[in-house]
Colleague: 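Quick one: the structure is below, and I'll ask about it shortly.
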Number of protein chains: 2
Amino acid sequence: MGSEVRNMQVILKKYVTGFPKESDMQLMNSWMKLSVAEGLNDAVLVKNLYLSCDPYMRSRMTKNEGSYVQSFTPGSPITGYGVAKVVDSANPKFKKDDLVWGMTGWEEYTLITATESLFKIQHTNDVPLSYYTGILGMPGMTAYAGFNELCAPKKGENVFISAASGAVGQLVGQLAKLMGCYVVGSAGSKVKVDLLKNKFGFDEAFNYKEEKDLTAALKRRFPNGIDIYFENVGGKMLDAVLLNMREHGRIAVCGMISQYNLEQPEGIHNLMYLIVKRLRMQGFLVFDYYHLYPKYLEMVLPHIKEGKIAYVEDTATGLEQAPSALIGLFSGRNVGKQVVVVAPE
Amino acid sequence: MGSEVRNMQVILKKYVTGFPKESDMQLMNSWMKLSVAEGLNDAVLVKNLYLSCDPYMRSRMTKNEGSYVQSFTPGSPITGYGVAKVVDSANPKFKKDDLVWGMTGWEEYTLITATESLFKIQHTNDVPLSYYTGILGMPGMTAYAGFNELCAPKKGENVFISAASGAVGQLVGQLAKLMGCYVVGSAGSKVKVDLLKNKFGFDEAFNYKEEKDLTAALKRRFPNGIDIYFENVGGKMLDAVLLNMREHGRIAVCGMISQYNLEQPEGIHNLMYLIVKRLRMQGFLVFDYYHLYPKYLEMVLPHIKEGKIAYVEDTATGLEQAPSALIGLFSGRNVGKQVVVVAPE
């Protein structure tokens, strides 16, 4: 373990304004020893297997002070959620060859010093390991916390989900169906709409790009109004939803991907309906709910194994594909959860 | 009681667009018998003593379908909260000479058929009867429900209130002070700002019209951020507040008076902060909380009698002054709760 190995990295060149481009990132080779240096108590060195492309990463490409997530550091590798294998450990909780998921680097090997939110994976061969970047990892917990904890869903309620074929949306819809709700999703292509209806069992789905009048589009699918809106997109869709909410409705604000690349976010004009309809609108971050992770796994794993919950991934192979995979999120190119395979297991 | 008496009325001439004017209303004399006609079970006939001018009445001057309050009927008297004395009753719960508060007409006498939310007043001479249009009536319950029930305030938290010298705002600030919060209010004139600081005991207050940069104005008063925002105005103030909220903050949306006269409400651009700061934003209507009224009275009456809660009214005398008093709300002409005295007690 004394000699150095190549460590290919995806570097952010500089902070990004507007729509991010592949050329905002750069592949670079560095070299490192595959052992944790002395004195780095609690650190683990991992080999990255799968990396997760998530919408929130856009905000880290911008210099933002006082935000909930640190900005990336230009000149350094991008960081994000991933699945990895422990190569060396100075941390008593992890040992060599353990499989873990959590915050890692966009590179072949990463020295992780902040191990508090690194989860050990009890891997079994009946679910793909890559699922820990999605349904069994952060996006899964996001769907669960946002829907079950914030929305307080009841059987028979009307649920609408935007960006519904993404990693989070596809699960929210299935959790809602399991609870006996009427579920409609929006997405940005015919393929995704078909997926929602035929693979994920949504009652209805529509392509928002083909609807001239979003308010009318929602009214048709929800003649009696929406009880729960799982918000992933923001902008015009939110305004249309506010008009279509039912009294005492709830809106879980998970993301606003339509706004991330705008220098000035669009204005929302229909907030008066919060009063008129007594709505609750609540933002959340998954970090606040990780204590529920064991409970979540216990619930979701049997459903996946029995085929009651479906899950779709879009995989890019090789770290070289990572910049393009990440950019693709913002034009909606991915179908399902976007994963980058860095190394075969 | 067989003969008819004059009943002067304030009539809405037609639905209003933009800023309402006195000439949108008209005084008219009608004639009526001072007895409940046979067959009108549960109805009561009242003599109106005090009428309440409230911001929400603006939305009733517009034709709005499916809103929480019915639009006024052009050609008919305006309706609103008031204090009245029962003249005749076919309702076993009310008898002649009872004092009541609730929904009544802008006229000298009103036949009230919807008596479910008519409250009987246990009047004592140590509080003015007109207070039942404000601190002891609907606006008081609005402040109590919005602050105590929705905001879940804790000692030491930072509270901001817009339109803070109004009927609701002045009470929210005092409830927050009693709870040990740091309290800042905004208002639209020096007189009102002085009132907030010197009469209602706010820690700080400012005139929003004199602040070029609302975000900076709030930052100066809340260097550590706002835990609770009691929203009465909407628009630019809301955007500035969102930037200044603290993590896990709460926003009770009571009203958006700055928007009521606009044909298209202003856009709100900073809703992303709902996520980043994990904020809860909730609209409410006082009707949903009237079951708490006895509990509220029990709490607030002793405070008023002991001078621990102050209350300021702006009175217009005579039904003839009612249109001008109502219009004055929207330019902020009133100082404190706007009341119209229809008849001496």
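Letters go in sequence order (proteins before strands), and every chain restarts at 1.
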Colleague: What is the distance from atom NE2 of A:His248 to atom CG of B:Leu285, rounded to the nearest 0.5 Å?
Modeller: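 Separation between the atoms: 8.0 Å.
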Colleague: Select one option (side chain, backbone, both, neither) describing which atoms of A:Tyr273 are under 4.5 Å from chain B's heavy atoms.
Modeller: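 Looking at A:Tyr273, nothing touches chain B.
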Colleague: Between A:Ile268 and B:Leu271, which heavy-atom pair has the shortest distance, and what is it?
Modeller: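 Looks like CG1-CD1, 3.6 Å.
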Colleague: Would you mind checking which part of B:Glu266 comes under 4.5 Å of any heavy atom in chain A, side chain (CB onward), backbone (N, CA, C, O), both or neither?
Modeller: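 For B:Glu266, the contact with chain A is made by the backbone alone.
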Colleague: Answer with side chain, backbone, both or neither: which region of B:Leu238 has an atom nearer than 4.5 Å to a non-hydrogen atom of chain A?
Modeller: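 The answer is the side chain of B:Leu238.
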Colleague: Using non-hydrogen atoms only, which part of A:Asp288 is less than 4.5 Å away from chain B: side chain, backbone, both, or neither?
Modeller: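 Only the side chain of A:Asp288 comes within 4.5 Å of chain B.
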Colleague: Among A:Met281, A:Arg280, A:Gln282, which residue satisfies the side chain to side chain contact (heavy atoms under 4.5 Å, CB included) criterion with B:Gln282?
Modeller: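 Considering A:Met281, A:Arg280, A:Gln282, a side chain to side chain contact (heavy atoms under 4.5 Å, CB included) with B:Gln282 is found only for A:Arg280.
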Colleague: If we define contacts as heavy-atom pairs under 4.5 Å, which of A:Leu279, A:Asn270, A:Asp239, A:Ile251 has the most with chain B?
Modeller: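 The candidate making the most pairs under 4.5 Å is A:Leu279.
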Colleague: Against chain B, label A:Leu150 side chain, backbone, both or neither, depending on which of its atoms sit under 4.5 Å from a heavy atom there.
Modeller: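 The answer is neither part of A:Leu150.
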Colleague: Which atom pair, heavy atoms only, marks the closest approach of A:Arg278 to B:Phe284?
Modeller: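 It is CG-CA, 4.1 Å.
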Colleague: Using side-chain heavy atoms (C-beta onward) and a distance below 4.5 Å, is A:Ile275 in contact with B:Met256?
Modeller: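 They are in contact (side-chain heavy atoms under 4.5 Å apart), so the answer is yes.
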Colleague: What part of A:Glu231 lies closer than 4.5 angstrom to a heavy atom of chain B: side chain, backbone, both or neither?
Modeller: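 Neither part; nothing is under 4.5 Å.
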